[in-house]
S.K.: 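What follows is a structure written as structure tokens; I'll ask about it next.
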Amino acid sequence: MPRMTPETLAEFLQLPTVGVIATLRRDGAPYTVPVWWLHRDDGIWITGTYNRVWCKHLLRDPRASLCIESGPPLTGHVEFDGRVTPFELPTFDIWPISRLLAEKYVGRGDPANAAAVDAFFANMQTEPRLLFRLEPEVTRAIDMRVYRGKRADREFQQRVRGEE
């Protein structure tokens, strides 16, 4: 399977791509929702509010999986499975990382978006926010630009075509 090179993974993790986090309901069933995320050396940071279902799930059960897909020009798939740690005011200043998330997704690296980032960040500060840091226990990173299918699937296709 064409794993991402460390260089490609580093580039992929800078993209402002929305991820999908999977949490667990009380009965063990999965619950998924799109989220903003920020990769740093100490883990994957995700912002939420106390009234969101997925945040309540994570406060009760820290197990989570974050799936990130991206199309061209860097088509790939990255998934992190692990446990989250909540970070809450007043014991942790959530605002510097929250600001970085706003810059990543609203600013998108364009100084022309500075006013929009400021407005979005100001609104974030009026909400009952907290942060979660996902500490990956398992990482899967596939470079879909070179992916040709699993070996078993390729072998099946060859048998169907009579190319054995």
Side-chain angles (χ1 to χ4, degrees), residues 3-71 74-144:
R3 306 262 183 235
M4 277 188 189
T5 64
E7 298 79 20
T8 300
L9 179 59
E11 182 182 351
F12 185 92
L13 294 175
Q14 296 305 310
L15 297 173
T17 307
V18 173
V20 175
I21 193 163
T23 61
L24 298 172
R25 295 179 171 111
R26 285 191 191 279
D27 67 1
Y31 180 88
T32 60
V33 65
V35 293
W36 288 0
W37 55 273
L38 179 69
H39 177 264
R40 295 171 48 114
D41 289 340
D42 59 351
I44 312 300
W45 290 86
I46 304 163
T47 184
T49 60
Y50 286 95
N51 56 355
R52 292 185 180 157
V53 171
W54 64 273
C55 293
K56 293 175 185 178
H57 291 170
L58 290 175
L59 289 169
R60 188 189 72 257
D61 184 335
R63 294 175 293 169
S65 182
L66 178 67
C67 177
I68 306 159
E69 295 273 344
S70 180
L74 210 166
T75 305
H77 166 90
V78 175
E79 190 161 347
F80 298 106
D81 299 336
R83 296 175 187 274
V84 301
T85 302
F87 289 84
E88 306 171 80
L89 293 169
T91 57
F92 184 83
D93 184 3
I94 67 169
W95 301 121
I97 291 173
S98 298
R99 174 73 190 205
L100 292 173
L101 282 156
E103 289 171 357
K104 178 180 179 180
Y105 287 94
V106 178
R108 296 191 172 254
D110 185 346
N113 296 332
V117 170
D118 290 341
F120 192 91
F121 182 64
N123 185 66
M124 287 177 86
Q125 293 176 297
T126 69
E127 299 171 335
R129 289 219 163 250
L130 74 162
L131 290 171
F132 293 98
R133 184 180 67 210
L134 174 62
E135 297 173 44
E137 296 167 4
V138 175
T139 300
R140 290 175 296 285
I142 301 169
D143 188 337
M144 298 301 289

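Hydrogens, waters and symmetry mates are skipped; everything else that's a heavy atom, side chains included, is used.
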S.K.: Take a 6.0 Å sphere around CG of Asp41 and say whether it holds more than 12 heavy atoms from other residues, nucleotides or ligands.
M.R.: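 Open.
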
S.K.: Looking at Val20, Thr47, Ile46, which hits side chain to side chain contact (heavy atoms under 4.5 Å, CB included) with Val35?
M.R.: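 Going through Val20, Thr47, Ile46 one by one, the side chain to side chain contact (heavy atoms under 4.5 Å, CB included) with Val35 is satisfied by Ile46 alone.
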
S.K.: Is a side-chain N or O of Asn113 found less than 3.5 angstrom from the main chain of Gly107, in a donor-acceptor match?
M.R.: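 Yes; at least one donor-acceptor contact below 3.5 Å.
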
S.K.: On a heavy-atom basis, which atom in Met4 and which in Ile142 lie closest, and how many Å separate them?
M.R.: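 In this case the closest contact between Met4 and Ile142 is CE-O, 3.5 Å.
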
S.K.: Under a 3.5 Å distance rule, please check whether Arg60 uses its side chain to pair with a backbone N or O of Leu24 as donor and acceptor.
M.R.: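 Pair found, side chain donor or acceptor close to backbone of Leu24.
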
S.K.: CG/Leu131 to CD/Glu88 distance, rounded to the nearest 0.5 angstrom?
M.R.: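 The CG atom of Leu131 sits 10.0 Å away from the CD atom of Glu88.
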
S.K.: Using atom types as modelled and distance alone, determine if a side-chain donor or acceptor of Arg25 lies under 3.5 Å from a backbone N or O of Pro30.
M.R.: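 The answer is yes, because a donor-acceptor pair under 3.5 Å joins these two groups.
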
S.K.: Considering non-hydrogen atoms only, spot the tightest contact between Met124 and Ala102 and give its length.
M.R.: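 Result for this residue pair: SD-CB, 4.2 Å.
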
S.K.: For a quick test of reading the model, state the closest non-hydrogen atom pair linking Trp95 to Arg129 and the distance between them.
M.R.: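 Closest approach of Trp95 to Arg129: CH2-CB, 4.1 Å.
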
S.K.: Give me the atom names and distance for the closest heavy-atom approach of Ile68 to Gly19.
M.R.: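 Shortest heavy-atom contact: CG1-CA, 4.2 Å.
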
S.K.: First locate atom CG of Leu9, then atom CD of Glu7, and finally report the distance between them rounded to the nearest 0.5 Å.
M.R.: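 So the gap between those two atoms works out to 9.5 Å.
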
S.K.: Distance check, rounded to the nearest 0.5 Å: Trp37 atom CH2 versus Ile21 atom CD1?
M.R.: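 Here the interatomic distance stands at 12.5 Å.
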
S.K.: Could you tell me the separation between the CD atom of Glu69 and the CZ atom of Phe12, rounded to the nearest 0.5 Å?
M.R.: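 Separation between the atoms: 7.0 Å.
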
S.K.: With heavy-atom distances below 4.5 Å as the criterion, would you say the side chains of Thr5 and Asp143 are in contact?
M.R.: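 No; the side chains remain at least 4.5 Å from each other.
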
S.K.: Can you list the steps and then say if Asp61 with Arg83 is a salt bridge (Lys or Arg N to Asp or Glu O under 4.0 Å)?
M.R.: CA-CA 9 Å; Asp61 184 335; Arg83 296 175 187 274; 5.1 Å; no

S.K.: CD/Glu127 to CZ/Arg52 distance, rounded to the nearest 0.5 angstrom?
M.R.: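 Glu127 CD to Arg52 CZ: 6.5 Å, rounded to 0.5 Å.
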
S.K.: Can you name the closest pair of heavy atoms from Cys55 and Gly48 and give their distance?
M.R.: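 Nearest heavy atoms, Cys55 then Gly48: SG-CA, 3.7 Å.
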
S.K.: Apply side chain to side chain contact (heavy atoms under 4.5 Å, CB included) to Phe80 and Val138, showing your working.
M.R.: CA-CA 6 Å; Phe80 298 106; Val138 175; over 6 Å; no

S.K.: What heavy-atom pair brings Leu15 and Lys104 nearest, and what distance separates the two atoms?
M.R.: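 Closest heavy-atom pair between Leu15 and Lys104: O-CE, 3.0 Å.
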
S.K.: By ring-ring contact (aromatic ring centres under 6.0 Å, His included), which residues pair with His57, not counting sequence neighbours?
M.R.: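 Here the qualifying residues are Tyr31.
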
S.K.: Quick one: NE2 on His39 to CG on Leu134, what's the gap to the nearest 0.5 Å?
M.R.: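 So the gap between those two atoms works out to 10.0 Å.
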
S.K.: Check the pair Asp81, Arg140 against salt bridge (Lys or Arg N to Asp or Glu O under 4.0 Å), reporting the backbone distance first and the verdict last.
M.R.: CA-CA 9 Å; Asp81 299 336; Arg140 290 175 296 285; 3.0 Å; yes

S.K.: Take the angle between the ring planes of Trp45 and Phe87 and call it parallel below 30°, perpendicular above 60°, tilted in between.
M.R.: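 Plane angle between 30° and 60°, so tilted.
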
S.K.: Checking side chain to side chain contact (heavy atoms under 4.5 Å, CB included) against Arg133, which of Leu38, Asp42, Ile44, Val84 comes through?
M.R.: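 That would be Asp42.
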
S.K.: Kindly say whether Leu100 contributes a backbone atom to a donor-acceptor pair with the side chain of Tyr105 at under 3.5 angstrom?
M.R.: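 Checked: no pair found.
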
S.K.: Do Leu59 and Pro86 have side chains that approach each other closer than 4.5 Å (heavy atoms only, starting at C-beta)?
M.R.: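 Yes, their side chains come closer than 4.5 Å.
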
S.K.: Under the criterion side chain to side chain contact (heavy atoms under 4.5 Å, CB included), I'd like the reasoning laid out for Leu13 against Arg40: C-alpha separation, chi angles, the key distance, then a yes or no.
M.R.: CA-CA 9 Å; Leu13 294 175; Arg40 295 171 48 114; over 6 Å; no

